There are 2 protein chains.
Amino acid sequence: MVKQNIKESIIQSAQTTFQKHGFKKTTMDEIAYAARKGKSTLYYYFESKEEVFQAVVEKEVMHLRDKIQKAISKTDSAREKLQVYIFTRMDGFQDFGNFYDALKDDYLADLVFIEKMRQQYDKNEIETITSIIKEGVLNKEFKNMNAALTAKTIVIAMKGLEFPVLQEKSKNVFKKEITDLLNILFYGICS
Amino acid sequence: MVKQNIKESIIQSAQTTFQKHGFKKTTMDEIAYAARKGKSTLYYYFESKEEVFQAVVEKEVMHLRDKIQKAISKTDSAREKLQVYIFTRMDGFQDFGNFYDALKDDYLADLVFIEKMRQQYDKNEIETITSIIKEGVLNKEFKNMNAALTAKTIVIAMKGLEFPVLQEKSKNVFKKEITDLLNILFYGICS
DNA sequence: AGCAGACTAAAAAACAAAAATAGTCGAATA
DNA sequence: TATTCGACTATTTTTGTTTTTTAGTCTGCT
């Protein structure tokens with residue numbers, strides 16, 4: 001097994017343990033045991049517990065990003081892209097044990113790197129949406145507008161959805177909410 | 001001084017003390033001292049510390065509600081009403097030391113009555129917005145739609161704004177964000 | 001290079017003693 | 001009779017101390 005594979009397997013073990021107990025209550029020994037390595041070995045691959053956690057979160061973010069990209073690539077209109085983006089992102093957010101906890105948990109809130117990741121994720125999200133909107137503006141699907149500003153607004157609205165979505169487990173409940181949001185987003189309420 | 005006035009003055013003292021130290025760190029003695037009464041006197045007017053706090057929060061909510069109503073009453077179109085509603089509510093939210101803390105603080109999150117108030121406030125907010133929208137639909141300002149569902153969506157979007165708005169102290173920064181949100185809300189992004 | 005066992009320093013948990021505080025009650029006051 | 005307060009108690013919080021756990025290091029083995 002090459003170096004990368006081992007690192008990967010450690011991340012995987014860490015992922016399941018973090019998922020079980022959260023960041024704080026997961027010990028390095030536990031992760032090491034799950035990965036069938038000595039604890040010191042973890043420090044050969046990672047500098048700290050935080051770094052391990054960061055790797056886990058990054059993996060999850062990457063996963064969601066891929067999922068979204070895949071879903072988007074199947075569409076052709078910008079309108080569809082936006083729709084699929086929001087649905088996939090809100091949907092995928094539910095699986096996000098660690099990532100979401102990282103954003104929510106008080107203890108973690110203090111950690112600098114979490115805040116950085118949050119911002120980075122937001123930034124990435126805004127960028128992606130911006131480019132979708134720009135595309136839509138170019139091919140006249142959308143009216144002419146400040147794409148970046150609009151993207152920001154959309155992200156804000158999605159944040160409002162995060163909490164209610166994570167409360168209700170059923171996937172069907174929030175579908176309605178998102179559908180409605182999209183309707184307004186596309187057509188507004190003025191006649 | 002009649003009973004109601006004393007009760008009111010206690011609430012006022014409590015308001016400033018809660019504002020200073022939050023719910024947990026404010027003592028009944030402190031409130032009593034500020035109100036120039038003995039602690040036991042507070043228990044003549046209120047059953048518990050929680051009840052005092054509840055009274056304070058209710059007062060603040062009432063105040064915001066009045067402010068909003070006053071602002072709305074000066075407008076005539078539904079479109080304006082909605083605009084003014086959202087601006088006033090987001091603006092007033094900033095002054096909301098206690099109420100917002102009540103919604104945010106971990107310790108308080110557990111208290112049942114806070115959750116109830118939150119829900120009640122949400123419900124009221126949705127109702128108000130619903131009726132504005134209905135009015136707009138009637139006089140053809142807005143297209144025909146499910147007013148309640150739309151109101152819910154608007155509230156969700158506002159929740160997304162709450163956090164960023166409360167972070168930045170300057171009133172001008174968030175004006176832009178709200179303006180943009182309103183633009184989308186009214187006209188959508190599709191051409 | 002990759003790994004682990006023994007180690008340390010720092011943090012967290014457990015416990016106990018002391019202090020602060022929510023809430024009660026009977027008596028005083030006005 | 002309606003209000004007020006001082007003295008009291010039971011419960012929490014805080015504080016200080018000890019013990020345990022845990023992140024991270026170091027040395028050396030393979």
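Every chain is numbered from 1 and lettered A, B, ... according to where its sequence line falls, protein lines coming before strand lines. Computed from a predicted model, the values in this text were never measured in an experiment.
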Considering only nitrogen or oxygen atoms on both sides, find all protein atoms under 3.5 Å from nucleotides 23-30 of chain D and state each distance.
unit_1 : atom_1 : unit_2  : atom_2 : d
D/dA23 : OP1    : A/Thr26 : O      : 3.4
D/dA23 : OP1    : A/Lys49 : NZ     : 3.3
D/dA23 : OP2    : A/Met28 : N      : 2.8
D/dA23 : N7     : A/Lys39 : NZ     : 2.8
D/dG24 : OP2    : A/Tyr43 : OH     : 3.2
D/dG24 : OP2    : A/Lys49 : N      : 2.7
D/dG24 : N7     : A/Lys39 : NZ     : 3.1
D/dG24 : O6     : A/Lys39 : NZ     : 2.7

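To the nearest angstrom, P of C/dG2 lies 14 Å from CG of A/Leu42. Per the geometry, NZ belonging to B/Lys7 stands 15 Å off C1' belonging to D/dA2, to the nearest Å. The nearest whole Å value for the distance from the CD atom in A/Glu8 to the P atom in C/dG2 is 16 Å. Rounding to whole angstrom units, CZ of residue B/Phe23 and P of C/dA22 are separated by 9 Å. Note: OH (B/Tyr33) to P (D/dC5) measures 13 Å, nearest angstrom. When the P atom of C/dA20 is taken as reference, atom NE2 of B/His21 falls 16 Å away, rounded to whole Å. Rounded to a whole Å, the CG atom of B/Asn5 is 15 Å from the C1' atom of D/dA2. As rounded to whole Å, 16 Å separates atom C1' of C/dA11 from atom NZ of A/Lys25.
Under 4.0 Å is where a charged nitrogen must lie from a carboxylate oxygen, and between B/Arg89 and B/Glu125 at least one such pair does. A salt bridge links A/Asp122 to A/Arg118: one of the charged nitrogens lies within less than 4.0 Å of a carboxylate oxygen.
Counting heavy atoms from C-beta outward, A/Phe142 and B/Ser191 have side chains that stay 4.5 Å or more apart.
When the side chain to side chain contact (heavy atoms under 4.5 Å, CB included) test is applied to A/Asn124, the partners found at least two apart in sequence or on another chain are A/Arg65, A/Thr128. Not counting sequence neighbours, the partners of B/Phe87 by the side chain to side chain contact (heavy atoms under 4.5 Å, CB included) test are B/Gln83, B/Lys175, B/Ile178, B/Thr179, B/Leu182. A search for side chain to side chain contact (heavy atoms under 4.5 Å, CB included) contacts involving A/Ser48 returns A/Glu50, A/Glu51, not counting sequence neighbours.
Contact between the side-chain N/O atoms of B/Thr41 and the OP1/OP2 oxygens of D/dC5 is found at a separation under 4.0 Å. Taking 4.0 angstrom as the limit, A/Tyr44 places none of its side-chain polar atoms (N or O) nearer than this to OP1 or OP2 of C/dC3.
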Would you be so kind as to tabulate the donor-acceptor pairs closer than 3.5 Å made by side chains of residues 146-158 of chain A, with sequence neighbours excluded?
unit_1   : atom_1 : unit_2   : atom_2 : d
A/Asn146 : OD1    : A/Ala148 : N      : 3.2
A/Asn146 : OD1    : A/Leu149 : N      : 3.2
A/Thr150 : OG1    : A/Asn146 : O      : 2.9
A/Thr153 : OG1    : A/Leu149 : O      : 3.0
A/Thr153 : OG1    : B/Asp180 : OD2    : 3.1

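A perpendicular orientation is assigned to the rings of A/Phe53 and A/Phe23, their planes being inclined by more than 60° (bins at 30° and 60°).
Looking at A/Thr26, its side chain does come within 3.5 Å of a backbone N or O of A/Thr17 through a donor-acceptor pair.
For the helix from C/dA1-D/dT30 to C/dA30-D/dT1, the end axes, each set by the C1' atoms of five terminal pairs, are bent relative to each other by 40° (nearest 10°).
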